Every structure is written in structure tokens, then in C-alpha cells.
Amino acid sequence: MKKKIFGLAAALLLTVGLAACGNSGKDSAKDSSDETTLKVGASPTPHAEILEHVQPLLKEEGINLEIVKFDDYVLPNQALEEGDIDANYFQHIPYLNKEIKEKGYDFANAGAIHIEPMGLYSQSIKDISELKDGATIITSNSESDWGRIITILQDADLVKVKDGVDLETATFDDIAENPKNLKFNHTIDPSLLASTYQNNEGDLVAINANFAYGAGLNPLEDAVLLEQDNSPYVNIIATRSKDKDSKKIKALIEVLHRDDVQKWITEKWGGSVKPVSADAK
């Protein structure tokens with residue numbers, strides 16, 4: 001009887017041991033997959049296209065790059081916060097800083113990649129000298145873009161902000177001089193601005209470059225007013241602070257800064273998407 005009990009106990013222990021080994025193997029495989037998969041959220045153009053270009057390069061380093069496309073500016077950071085993606089590539093530094101301040105995200109700038117010049121487009125004029133008094137300028141409802149647009153207008157001598165105002169954080173209430181009595185509509189979602197332009201709803205429409213590309217516009221060729229080259233609005237790879245120095249994130253940044261990749265970006269968009277060097281902040 002004792003022998004039978006001992007034998008049954010040994011069999012049970014063996015079964016439990018095998019089950020534990022099986023679970024351990026499954027977990028290890030999952031962990032291994034997590035270590036080699038990098039999921040990045042991105043705007044469709046040019047961000048996702050750039051990521052698609054470097055997918056094979058990361059594959060050579062044993063990293064499977066998964067790209068999740070977003071058409072707005074809210075969900076990519078929410079997805080990053082919730083852990084649905086490992087990083088995102090759609091936003092510039094002032095927008096990231098504003099999101100961190102307002103929503104308490106524990107995010108970090110893992111690396112600056114490129115600059116897309118903001119442009120103001122028109123169906124009714126070809127040169128800014130043709131802009132009439134009382135013209136309507138339509139901009140996005142994203143406050144982080146307002147200072148950027150106001151800077152373009154000030155550089156064109158169309159407006160002047162109050163003394164001491166930081167242009168990066170300026171709002172339309174900070175405009176002190178407006179000699180043409182321009183009217184500003186800043187209620188439109190950024191993703192709808194290209195349609196606003198196509199529908200000829202304003203005299204000038206400020207469109208973020210990624211949405212301009214989607215509408216077949218080239219900022220260098222089609223914008224009536226274009227942001228200058230000294231713009232601080234560089235597009236970055238953002239990630240959770242704890243992941244900033246992970247091997248996968250570093251590998252992504254390194255391939256995006258490769259000379260051949262930066263040359264491809266420049267040629268692909270005719271110079272209207274401008275890569276930045278690895279030491280850019």
C-alpha cells in the first residue's frame with residue numbers, strides 16, 4: 001500500500017514538474033518576443049513611411065518593428081501611457097512638453113529625427129502681398145501650434161506680439177499689432193485643416209506638414225508662407241522615461257540617424273522633410 005501511495009505521489013510530482021516546465025517555456029518565449037518586438041505609433045506621413053523604410057534595417061539587428069498608425073494627435077500619447085505601444089513618432093518637442101505638463105505623462109524625448117516646416121496655404125492668393133485687409137486665417141485648435149504660426153506671421157511682418165512674450169508659447173491674445181486687421185479662427189482639428197484648405201474656407205490655412213503631404217501639398221512648393229529653418233519644432237521619438245535607454249529604442253534612434261536613411265528622407269520628400277543630426281535636441 002505504501003509503495004502505491006509513494007508511486008502515485010511521484011507521478012503527481014512529475015506531472016506538476018512537467019506542467020511548470022511547460023509554463024516556464026511559454027513565458028520565456030513571450031518574454032523573448034517582447035525583447036525583440038518594438039511597437040511604435042506614428043502619423044501615416046511621413047513618420048510611418050520613414051519607419052517602414054527602416055524596418056529591414058532593424059530586422060537585421062533582430063528587432064521586429066511593428067508600426068501602429070494614428071490619424072490624430074491625442075491617441076498616440078494615450079496609447080504610450082497605457083503600454084499599448086513602446087514609443088511614438090508624431091510630435092514635436094513643444095507639444096510633448098505641453099502634454100507632460102497638462103496630463104502628467106512620465107515620457108522622455110529619446111531622440112530628435114526631423115523637422116517638417118509648417119506652412120500657410122491659400123486657394124485665393126499666390127503671394128502674401130495679395131493678402132487683403134480683414135482676411136481670415138484658419139489654424140488648428142492645438143495650442144502648441146499657435147506660437148509657431150504667430151512666429152511665421154511675425155516673420156512676414158503681418159503681426160507683432162507684445163514685448164517679452166515667448167513666441168514658443170504665444171497665443172493670439174498676445175498679438176499687439178495687427179495692421180491688416182487679420183481675423184483668426186483657431187477652432188479646427190489639425191487633421192481637418194487640409195479639407196478646410198481644399199474647401200477654400202479661409203484666405204490662409206495653416207497646415208501641419210504631415211497633413212499637407214496627405215493632401216498632395218509640398219510645403220516648399222505650395223505654401224504662401226513657410227516656417228524658417230531655425231524652427232525649434234523638431235519631431236522626435238517619445239517613449240516612457242523608464243524605456244528611454246532600452247536597447248530597442250537606442251537601435252531605432254541609431255538607424256534613423258544613419259547617413260543613408262537621412263539621405264533617403266531628404267530625397268523622398270524633396271527636401272521638405274529635413275533630417276536632423278544625432279546630437280540635435
Side-chain angles (χ1 to χ4, degrees), residues 43-45 70-77 90-92 94-99 101-103 115-162 165-228 231-233 235 272:
S43 297
T45 303
F70 293 92
D71 288 318
D72 75 346
Y73 290 165
V74 176
L75 293 178
N77 279 337
F90 78 100
Q91 62 193 322
H92 52 59
Y95 184 81
L96 173 66
N97 291 340
K98 185 173 181 290
E99 287 277 277
K101 181 179 179 180
E102 293 183 353
K103 300 178 181 176
I115 291 176
E116 301 170 25
M118 170 77 79
L120 279 79
Y121 301 82
S122 178
Q123 295 275 19
S124 57
I125 66 172
K126 297 296 183 183
D127 189 273
I128 198 59
S129 63
E130 301 170 15
L131 190 67
K132 297 178 180 179
D133 284 1
T136 297
I137 298 179
I138 300 179
T139 78
S140 82
N141 59 8
S142 177
E143 192 172 336
S144 64
D145 282 336
W146 292 354
R148 188 177 190 182
I149 295 161
I150 291 168
T151 299
I152 297 172
L153 296 173
Q154 180 163 280
D155 288 341
D157 296 324
L158 291 173
V159 301
K160 186 176 181 180
V161 300
K162 301 170 186 175
V165 171
D166 181 354
L167 281 171
E168 190 172 300
T169 57
T171 72
F172 294 98
D173 291 334
D174 294 317
I175 294 175
E177 297 179 20
N178 181 7
K180 280 187 173 288
N181 300 305
L182 301 174
K183 299 173 183 176
F184 300 98
N185 176 350
H186 45 76
T187 63
I188 309 299
D189 185 273
S191 63
L192 300 177
L193 287 167
S195 296
T196 299
Y197 159 78
Q198 290 170 333
N199 294 334
N200 197 19
E201 295 178 30
D203 298 286
L204 282 175
V205 182
I207 309 177
N208 299 74
N210 56 311
F211 293 121
Y213 301 137
L217 297 169
N218 183 319
L220 294 183
E221 298 173 2
D222 301 316
V224 176
L225 288 177
L226 190 65
E227 189 170 32
Q228 296 184 3
S231 168
Y233 295 87
N235 284 227
S272 64

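Heavy atoms only: backbone and side chains are in, while hydrogens, waters and symmetry mates are out. The structure displayed is predicted, hence computed values, not measured ones.
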>> Determine whether Phe184 and Val159 satisfy the following criterion, side-chain contact (heavy atoms from CB on, under 4.5 Å), listing intermediate values before the conclusion.
In response: CA-CA 12 Å; Phe184 300 98; Val159 301; 4.2 Å; yes
> Got a second to check how far Asn178's CG is from Lys180's NZ, nearest 0.5 Å?
Replying inline: 10.0 Å
> If you measure from CD on Gln91 to OG on Ser142, what distance do you get to the nearest 0.5 Å?
Replying inline: 10.5 Å
> Any idea which heavy atoms bring Ala209 and Pro117 closest together, and the distance?
Replying inline: CB-O, 3.6 Å
>> Please report the interatomic distance CG(Leu226) to CD1(Ile128), rounded to the nearest 0.5 Å.
In response: 12.0 Å
>> Any heavy-atom pair between the side chains of Asp145 and Thr139 that's under 4.5 Å?
In response: no
> Which pair of non-hydrogen atoms, one from Glu116 and one from Asn210, has the smallest distance, and what is that distance?
Replying inline: OE1-N, 3.0 Å
> Quick one: are Thr187 and Ser140 in side-chain contact, heavy atoms under 4.5 Å?
Replying inline: no
>> Please check: side-chain N/O of Asp155 versus main-chain N/O of Ile152, any donor-acceptor pairing under 3.5 Å?
In response: no
>> Give me the atom names and distance for the closest heavy-atom approach of Gly147 to Thr151.
In response: O-OG1, 2.7 Å
> Considering all heavy atoms of both residues, which atom of Asn200 and which atom of Gln123 are nearest to each other, and what is their separation?
Replying inline: OD1-CB, 3.4 Å
>> Is it the case that over 12 heavy atoms from other parts of the model lie below 6.0 angstrom from the NZ atom of Lys103?
In response: yes
> Which class fits the ring pair Phe211 and Tyr73: parallel under 30°, tilted 30 to 60°, perpendicular over 60°?
Replying inline: tilted
> Below 4.5 Å, heavy atoms only, C-beta onward: do Asp203 and Lys132 meet side chain to side chain?
Replying inline: no
> Please walk me through it: do Asn185 and Glu201 pass side chain to side chain donor-acceptor pair (under 3.5 Å)?
Replying inline: CA-CA 11 Å; Asn185 176 350; Glu201 295 178 30; over 6 Å; no
> If you take all heavy atoms of Ile207 and Ala212, which pair is closest and at what distance?
Replying inline: CG2-N, 3.7 Å
> Under 4.5 Å between any side-chain heavy atoms of His186 and Trp146, yes or no?
Replying inline: yes
Show me the side-chain donor-acceptor pairs of residues 215-222 shorter than 3.5 Å, one per line, residues at least two apart or across chains.
residue	atom	partner	partner atom	Å
Asn218	OD1	Leu220	N	2.9
Asp222	OD2	Asn218	N	2.7

>> I'd like to check Asn77 versus Tyr95 (side-chain heavy atoms, cut-off strictly below 4.5 Å). Are they in contact?
In response: yes
>> Would you compute the distance between atom CD1 of Ile138 and atom CD1 of Ile188 and round it to the nearest 0.5 angstrom?
In response: 6.0 Å
>> So, taking the atom named CG in Leu131 and the one named CD1 in Ile137, what distance separates them when rounded to the nearest 0.5 Å?
In response: 6.0 Å
>> Looking at every heavy atom in both Leu158 and Leu225, which two are closest together, and how far apart are they?
In response: CD1-CD1, 3.9 Å
>> Set out, in order, the CA-CA distance, both residues' side-chain angles and the distance that settles side-chain contact (heavy atoms from CB on, under 4.5 Å) for Leu204 and Val224, then state yes or no.
In response: CA-CA 8 Å; Leu204 282 175; Val224 176; 4.1 Å; yes
> Does some side-chain heavy atom of Leu120 sit less than 4.5 Å from a side-chain heavy atom of Leu153?
Replying inline: yes
>> Counting C-beta onward and ignoring hydrogens, is there a side-chain heavy-atom pair between Pro232 and Glu168 closer than 4.5 Å?
In response: yes
> Can Glu130 and Lys126 be counted as an ion pair, charged N to O under 4.0 angstrom?
Replying inline: no
> Can you tell me if NZ on Lys160 sees more than 12 non-hydrogen neighbours from other groups inside 6.0 Å?
Replying inline: no
> From Ser43 OG over to Asn235 CG, what is the distance, rounded to the nearest 0.5 angstrom?
Replying inline: 8.0 Å
> Does the pair Ser144 and His92 meet the rule for a side-chain contact (heavy atoms from CB on, under 4.5 Å), with working shown?
Replying inline: CA-CA 9 Å; Ser144 64; His92 52 59; 3.9 Å; yes
